[in-house]
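Data first, discussion second: the structure below is written as structure tokens.
Both ligands and their constituent atoms are indexed starting at 1 by order of listing.
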Amino acid sequence: MQFRDLKKQYDALKQEIDAGIAGVIESSQFISGGKVREFEELIAKSVGRKYCVTCANGTDALEMVLRTWGIGKNDAVFVPSFTFMSTAEVVSLVGAVPFFVDIDPETFNMDAASLESTIELALKQGQYTPKAVIPVDLFGLPADFEKIQKVADKYNLLVLEDGAQGFGGSISGKKACSFGNASTTSFFPAKPLGCYGDGGAIFTDSESDMLMLRSLCVHGKGKEKYENIRIGRNSRLDSLQAAILIPKLKAFWDYELQAVNHVAEKYSSLLKDYVVTPAVKPGFVSSWAQYTIVCADKEQRTALQQFLKAAGIPSMVYYPLGLHRQQAFADCPCRDRALPVTEKMTERVLSLPMHPYLSDDEIENISEQVKIFMKGISK
Ligand SMILES: *Cc1c(COP(=O)(O)O)cnc(C)c1O
């Protein structure tokens, strides 16, 4: 059994994907071909943003938004600690300082009250100017943008939605990658919408931000070719990846999103009396990048993971350490501040196999093994 079965998805979409790849090779437009623009228009429309600028990966996408907004030295950017490295790494990459925020214990997403107390802390320290917040749609569930936006407005912060895991989610019908001043996603193969290599995208409604981002992606280009008006970089989505993503985007909206929600519902109905199952608040839809349960403590999690492994079931720990405790951020000003929910979750969470092609039999088998393990402990 695979944790995320990419081969099954390829088997289902083989004809369209193979035809797309062959078409690009036939045209020999490998970089910035028509397929890239076609995909950008399709995906922007599907999330409800005016513009999509694709790039090489989800990390570049985040970093280029911060550069577009002029965030750098002496600026504070607020990020959750319970997330993948990129969310905070990009803050340091532009020369600003990440301030780590705690999470809500039920959704694993940024806690608006902790955001406010962290901003107050930064203001009190007085060394860095609060500029932006990067809420993450962790495990596929959109962050609580209504509450976060209120805090952001109060302190005049820009909001950058890190939708790398969130593509496909929504709040009251408004789609992930349409929240805040700009949003980003990643097409890393294991993300909700993945390509066959690296890829990423930025979504914005601002024409001036879009133009700046297009310039940054291609060496800071101006209007003419070989006119460079700023320092940029080389960060583009390949035409081959765009050709792969076009049929995958269609399958995602046609049935994959529904399929992962079926998997999650089935897991939760089978497991809710045995472990803490993930919460989705009213109005929220998750795209289930991960299905994550919470164990009683670290020992129980380790034992459950080993038990599942012996039964041929892969599981993963996302994430074993809060970013505020990572060596890479040893110099950060709020390094030693306790983030109790993050610390608790890093010891207890366990993600089970999750993808749109998981069969009912497989879900039942996995759930049965979890139940057997939990019953064994309670005796
Ligand atoms: C994967 C991920 C990224 C980075 O995406 P890449 O395409 O791998 O660079 C950023 N943020 C989060 C929350 C992620 O999970």
Ile71-Leu93 co-clustered via ILVMFWY side chain contacts under 4.5 Å
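Unlinked, Ile71 and Leu93 end up in two clusters.
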
Please could you name the atoms of ligand 1 that [X] approaches to less than 4.0 Å, counting only its heavy atoms?
X      : value
Thr83  : 13 (C)
Val136 : 13 (C)
Asn57  : 7 (O), 9 (O)

Take every heavy atom of Met85, measure it against each atom of ligand 1, and state whether any distance is under 4.0 Å.
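The answer is no, since Met85 has no heavy atom less than 4.0 Å from ligand 1.
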
Give a yes or no on this: more than 12 heavy atoms of other residues, nucleotides or ligands lie within 6.0 Å of atom CD of Gln125.
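Count over threshold, so yes.
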
If you count the non-hydrogen atoms of other residues, nucleotides and ligands that lie under 6.0 Å from NZ in Lys147, is the total more than 12?
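No, NZ of Lys147 has 12 or fewer neighbouring heavy atoms, counting only those of other groups under 6.0 Å.
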
For Phe179 and Phe145, take the angle between the two ring planes, folded into 0 to 90°, and tell me which bin it lands in: parallel under 30, tilted 30 to 60, perpendicular over 60.
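Judged by the thresholds at 30° and 60°, the geometry between Phe179 and Phe145 is parallel.
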
Do the ring planes of Tyr291 and Trp288 sit parallel (below 30°), tilted (30 to 60°) or perpendicular (above 60°)?
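Geometry flag for Trp288 against Tyr291: tilted rings.
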
Could you tell me whether [X] and ligand 1 have an N or O pair separated by under 3.5 Å?
X      : answer
Lys191 : yes
Gly58  : yes
Gln165 : yes

Shortest protein heavy-atom distance from atom 10 (C) of ligand 1, along with the residue and atom involved:
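Ranked first by proximity to atom 10 (C) of ligand 1 is Ser86 CB, 3.4 Å.
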
Closest protein heavy atom to atom 8 (O) of ligand 1, given as residue, atom name and distance to 0.1 Å
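Ranking protein heavy atoms by distance from atom 8 (O) of ligand 1, first comes Ser186 OG, 4.0 Å.
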
Checking contacts here: is it the side chain or the backbone of Asp162 that comes within 4.0 Å of ligand 1, counting heavy atoms only? Could be both or neither.
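Just the side chain.
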
At under 4.0 Å between heavy atoms, which part of Thr59 makes contact with ligand 1: side chain, backbone, both or neither?
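Within the 4.0 Å criterion, Thr59 contacts ligand 1 through backbone and side-chain atoms alike.
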
Between Arg337 and Thr118: side-chain donor-acceptor atoms closer than 3.5 Å
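There is such a pair (donor and acceptor under 3.5 Å, judged by atom type) between the side chains of Arg337 and Thr118.
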
Any donor-acceptor pair under 3.5 Å linking the side-chain atoms of Glu265 with those of Asn261?
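Their side chains do not contain a donor-acceptor pair, so the 3.5 Å distance test is not met.
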
